[in-house]
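All of these numbers come straight from a predicted model, not from anything done at the bench. The sequence lines fix the lettering, A, B, ..., with proteins before strands; numbering per chain opens at 1.
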Protein chains: 2
Amino acid sequence: MVTIKQVAEYAGVSVATVSRTLNDSGYVGKESRKKVEKAIEDLGYIPNEVARSLYQKTSKMIGLLLPDISNPYFPLLAKGVEDYAQQNGYMVLLGNVEDNSDKEDMYVKFFSQYNISGILSAASGQRKYNDSVPFVLLDRAKEDEIYSISTDDRLGGELAGQAILNAGGKKIIVMAGPQSVSGAKDRLSGILAELNKADADYRIFETDTYQVDKAEETAQNLFQTFQSFDSVIASNDVYALAVMKEAIKKGYRIPEDIQIIGYDDMLFSRLMYPGLTTIAQPAYQLGYKGAKMLVDLIEKNYVENKKVKLKPKLIERDSLR
Amino acid sequence: MVTIKQVAEYAGVSVATVSRTLNDSGYVGKESRKKVEKAIEDLGYIPNEVARSLYQKTSKMIGLLLPDISNPYFPLLAKGVEDYAQQNGYMVLLGNVEDNSDKEDMYVKFFSQYNISGILSAASGQRKYNDSVPFVLLDRAKEDEIYSISTDDRLGGELAGQAILNAGGKKIIVMAGPQSVSGAKDRLSGILAELNKADADYRIFETDTYQVDKAEETAQNLFQTFQSFDSVIASNDVYALAVMKEAIKKGYRIPEDIQIIGYDDMLFSRLMYPGLTTIAQPAYQLGYKGAKMLVDLIEKNYVENKKVKLKPKLIERDSLR
DNA sequence: CCTCAATCTGTAACCGATTACACATTTAGT
DNA sequence: ACTAAATGTGTAATCGGTTACAGATTGAGG
């Protein structure tokens, strides 16, 4: 491994001069600069970030906390984060915390041990973070004074409600995600606002998790609990898919007998038959903009809004009448 | 931030004693140990990994290179890696390289700057890695002397071929993934071996990418290129899904008119209707065992096989007759 | 020609850990 | 009781960078 000392020696200058050349800081003579550049080139020198980080007490790494990478929504987020980070010279350290606050703590500790420069978290956000390091909540918002970026779930709910109503939904099942998650709550209130406004006939079916492996079971449950309905507002696309499958299996036609709307807009929602009408969350954008917000915070740039909300969008396909 | 020096002072011993206590190295008296432990507790000391890493020239971080996180197959891999890493005290640094070897180079350089202790790569593997750092190829195998863990794709191909034959496939379309990827090649050879053995009637439809946003287009293309067939062996589940959609749209029944088998076994493959019969790749296992192999290499434990192959499995659902 | 500021460069301290080495004290064996 | 080995502890060097500070050189202005 080539060190700055070797570069200095090869170039016939001191390490200070090499460092100044590297960082464009202080004065460096033309001659020296040239010699240093040649030395770096000849030796194939790559500065060691660990040493730099030790002195600076910060690194070019950001931590990303995700509740569940195997849920297809989060990789999209992650990709947005990764893209922005990479374009701006940051690395991302991944932490899969599975709604387990011990794991969350563990990662936060891990991160601090590595002089991480900021944290992006899509996890529960239950824990109180040490505010010594910039922190942005991703995809979840909270009341208190924390930077966050999320989807306007209330609006998403309204959109879903309107779409079902416009398609002539008469007896509607509303699947409501876990109400401990603020997004699910807002969504439900948006849906109900529209439904109530139209004085529609609906029932609420509460599901206590977003876990993908519970989807089938939940769908079966739904058909057992309710007998006659013509519309379902699902809590997300995975659950919508499970409901559709169960419906078709029971001989209902979609959307003629039962119409369904999802939430998220996953890759496969477009690919199934019939295509799933859904509310698209700008997952990639969320990740990208969240990363931008965090980097701005880290570099002490001006950040306009502490809380930004992105707009969801109705994607019309074939599962509504 | 609490440093080892402060702990030493508080405990009334030297930093060397604190360090020895921390690492269970060398001799530490009972009294001293107790005092140090109390100091750590009282002060809430957390050792700085950056400093340690500088001296040791290695860290407890491993790099994970993925071709595309948004492809639902890779998060499963990542989760396996993450779980093993986390259980053994390692952090994972994520790199999304998108089959772009410049990005790949960039990440490898980044990794080395951070004294990463090993690399796990599911990327092309075109580049020659600096063998100064332990390296394991994930999901892709190569001929040369490199550690790797992958699925037995040849067997996977055979399984798919047999399944189609057993289900009475007469005129078969074989979608072959990009032949530059060794897995796709092995799979094709496995399929063809079975098909030829049975003297079956088949056509090959080569697709030059696994990119998910090309799936629909490819499916339409397939139906334009061939007119009469009763079976499709898809290159993966996403493509299988796209083909199914196109088939249903064109009025074919599945599996009565056209039967389809996929590859991968994604989460949604179970949830669609009809359920997709497919060859399951043990993605999570791959990641988990790959991480284990890498950690063994890093810690210089005995590693039995340089190249391990995991067995794929036929998952029977409803898309075959 | 003199003075003061601007420019250039090197020495050494520092970041927070680990560890070689030296020295002191116990303990064990004969 | 004497010696050798085992045990305990601190000082200082080290890892590879950054930067405060001081000293040297150059240039501009009067």
- Counting heavy atoms not belonging to Gln6(A), are there more than 12 under 6.0 Å from its CD? yes
- Task: Round to the nearest Å and state the distance from Asp24(B) atom CG to dG8(D) atom P.
- Result: 13 Å
- Query: Within 45° of the axis and under 6.0 Å from the centre of the six-membered ring of Tyr147(A), does NZ or CZ of Lys306(A) qualify?
  - Reply: yes
- Item | Val308(A) side chain near Leu310(A) side chain, heavy-atom distance below 4.5 Å | yes
- Distance in angstrom units between Lys35(A) NZ and dC8(C) C1', rounded: 12 Å
- Item | Electrostatic pair Lys35(A)-Asp42(A), nearest N-O below 4.0 angstrom | no
- Any Lys/Arg nitrogen of Asp153(B) or Lys185(B) sitting under 4.0 Å from an Asp/Glu carboxylate oxygen of the other? no
- Rounded to the Å, how far apart are Tyr27(B) OH and dA5(D) P? 13 Å
- Within the structure shown, what part of the strands sits under 4.0 Å from Ser32(A) by heavy-atom distance: base, sugar-phosphate, or nothing? sugar-phosphate
- Contact state string [nucleotides 16-29 of chain D, B base, S sugar-phosphate only, - no protein heavy atom under 4.0 Å]: BBBB----------
- Could you label the plane-to-plane angle of the Tyr107(B) and Phe111(B) rings as parallel, tilted or perpendicular, counting under 30° as parallel and over 60° as perpendicular? tilted
- Whole angstrom value for the distance that separates C1' of dT9(D) from CZ of Arg33(B): 13 Å
